[in-house]
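Encoded as structure tokens, the structure appears first; notes follow it.
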There are 2 protein chains.
Amino acid sequence: MSPKDFASNLLQGVSEEGRAAALKRAVSRRLDRKQVLFREGETAAAMYLLEAGRLKLTQLAADGQEVLVRFVGPGDLCAGVAALEGSAYPVTARAVEPTSLLLWPRDVLRELCQRHPQIQTNILRAITGHLQDSMTRARELATERVASRVARTLLRLAQQSGRPVDGGILVDHPLSRQELAEMTGTTLYTVSRLLSAWEDAGLVEAGRERVTIRSVEGLEAVVEDE
Amino acid sequence: MSPKDFASNLLQGVSEEGRAAALKRAVSRRLDRKQVLFREGETAAAMYLLEAGRLKLTQLAADGQEVLVRFVGPGDLCAGVAALEGSAYPVTARAVEPTSLLLWPRDVLRELCQRHPQIQTNILRAITGHLQDSMTRARELATERVASRVARTLLRLAQQSGRPVDGGILVDHPLSRQELAEMTGTTLYTVSRLLSAWEDAGLVEAGRERVTIRSVEGLEAVVEDE
DNA sequence: CGTGCCCTTGAAGATCTTCAAACGCAGTGG
DNA sequence: CCACTGCGTTTGAAGATCTTCAAGGGCACG
């Protein structure tokens, strides 16, 4: 495996020459916790690929409420289409922990995509994945109860960014009740109550901006018993 | 304007030769009302472009409830990525009125995309639009009340498939309370009550599988006053 | 003329939000 | 080192919103 293996989502199937060209033209950048990478509505300047750390992408609702669209982890792409089309970023991106990433300015990206169409194909694949996720999310919001949605979200976070610890899986980045609420379309109060109940039942262990899943099966049962 | 202008979403920016090649290799097909074009989970056989009529795309929730993802109208693409990747259709497509469309079998589509990369770019653009829509939908489901969501949905339908009639805009295809409920994450009962109230207030006129918007401003006010 | 499908409406009650109050840890500054 | 302060969290109580269930009406189509 190459040392630049985290780039596989972007560069898989690209010729050796294309990979080299892409990596050579990439710019490196670091972000502190809570630092903003870009804001919703700004004209897209670049496409980003995460090396390490984590971003959260949010959208503002009409009434000012924030909605958490997704977390972006190592190897994930971000703002691919907005950069290609030169349109506005559809979300705001903020680091939830110290983060390092590569970026390709808009014009560089366009040139790379023209010379190496497989890169565009890979961006298309990434977008398709996000579309699937978004449809799944909308379907769950439309048909499931809050408890199911929160349980599902925890299970998903465990998969995406879970770190095994003794007797459980820790979601390995800061995660507040408020953020869980913004991911599931509910309030921080309801999330707090659910976590308290699940803690009593031995399904999770909850701390300040920390959640550890103690029983995956238990949470799956919560998802089922609508 | 070309007689094949409905194909602009797919063929804009494609060379004259590419447009000709694409149209030559397209297969024509007709559907009756309620006829199924493809089902969620089947391996994708082709990409579709609507000439006339309307499809509805639905997804099944875990508990068997149907969710209405969107309506597809003339000029709209459908199943582009699933066909390119040879994966499963993510939704079921059903005609809600007599419909005619063009289709490109999977292998033909792949060849066209290779020879004319702009076609793939156009598919990427279409998918991006759907991603935006889906995110908007999820955000609304997460933050807005039922009345707002139903009102918004009616306004959107008026834009997409509205036909001016005396004193209003008719949504120009069959549209049941159940379908409106499946679009907005509520029940047919709640939709029925809302439409009855809005009819009394003079905002809409509702019939069997028919809705006419009498006051766009009135519905916009419903959206606002959360 | 019946039958099926779509629609309406009432009543009861579950689910979830809202508001208010208070707790406790983490980091800061005295 | 301690107190202060901010922020994330917890919990109770009240009540709004929406669903669910039940019953019935009416139009369209065979």
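Below, chains carry the letters A, B, ... as their sequence lines are ordered, and counting in each starts from 1. In this text, all values refer to a predicted model and were calculated from it rather than measured experimentally.
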To the nearest angstrom, how far is [X] atom [atom1] from [N] atom [atom2]?
{"X": "B:Gln178", "N": "C:dC7", "atom1": "CD", "atom2": "C1'", "result": "12 Å"}
{"X": "A:Asp200", "N": "D:dT9", "atom1": "CG", "atom2": "P", "result": "17 Å"}
{"X": "A:Arg149", "N": "C:dC16", "atom1": "CZ", "atom2": "C1'", "result": "10 Å"}
{"X": "A:Tyr189", "N": "D:dA13", "atom1": "OH", "atom2": "P", "result": "17 Å"}
{"X": "B:Glu144", "N": "D:dT17", "atom1": "CD", "atom2": "P", "result": "15 Å"}
{"X": "A:Leu188", "N": "D:dC7", "atom1": "CG", "atom2": "C1'", "result": "12 Å"}
{"X": "A:Arg210", "N": "C:dA26", "atom1": "CZ", "atom2": "C1'", "result": "14 Å"}
{"X": "A:Glu209", "N": "D:dT9", "atom1": "CD", "atom2": "P", "result": "6 Å"}

Side-chain N or O of [X] closer than 4.0 Å to phosphate OP1/OP2 of [N]:
{"X": "B:Ser176", "N": "C:dC5", "result": "no"}
{"X": "A:Ser192", "N": "D:dT10", "result": "yes"}
{"X": "A:Thr186", "N": "C:dC16", "result": "no"}

Nearest-nucleotide 5' precedence on DNA chain D, A:Arg208 against A:Ser196:
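Mapping each residue to its closest nucleotide by heavy atoms, the 5'-most match is A:Arg208.
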
Students often get this wrong, so: under 4.0 angstrom with heavy atoms, is [X] touching a base, only sugar-phosphate, or nothing?
{"X": "B:Thr190", "value": "base"}
{"X": "A:Arg177", "value": "sugar-phosphate"}
{"X": "B:Leu195", "value": "nothing"}
{"X": "B:Arg145", "value": "sugar-phosphate"}

Does A:Arg152 come within less than 4.0 Å of A:Glu144, counting only side-chain N to carboxylate O?
yes

Are any of the side-chain nitrogens in A:Arg94 or A:Glu66 under 4.0 Å away from the carboxylate oxygens of its partner?
yes

Distance check, rounded to the nearest 0.5 Å: B:Ser215 atom OG versus B:Glu220 atom CD?
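Result: 8.5 Å between the selected atoms.
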
Provide the closest heavy-atom pair for A:Leu109 versus A:Ala83 in the form atom of the first, atom of the second, distance.
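Shortest heavy-atom contact: CD2-CB, 3.8 Å.
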
Taking donor-acceptor contacts at under 3.5 Å, does the side chain of B:Arg193 reach the base of C:dG10?
yes

Parallel, tilted or perpendicular, judged at 30° and 60°: which one describes the rings of B:Tyr89 and B:Phe38?
parallel

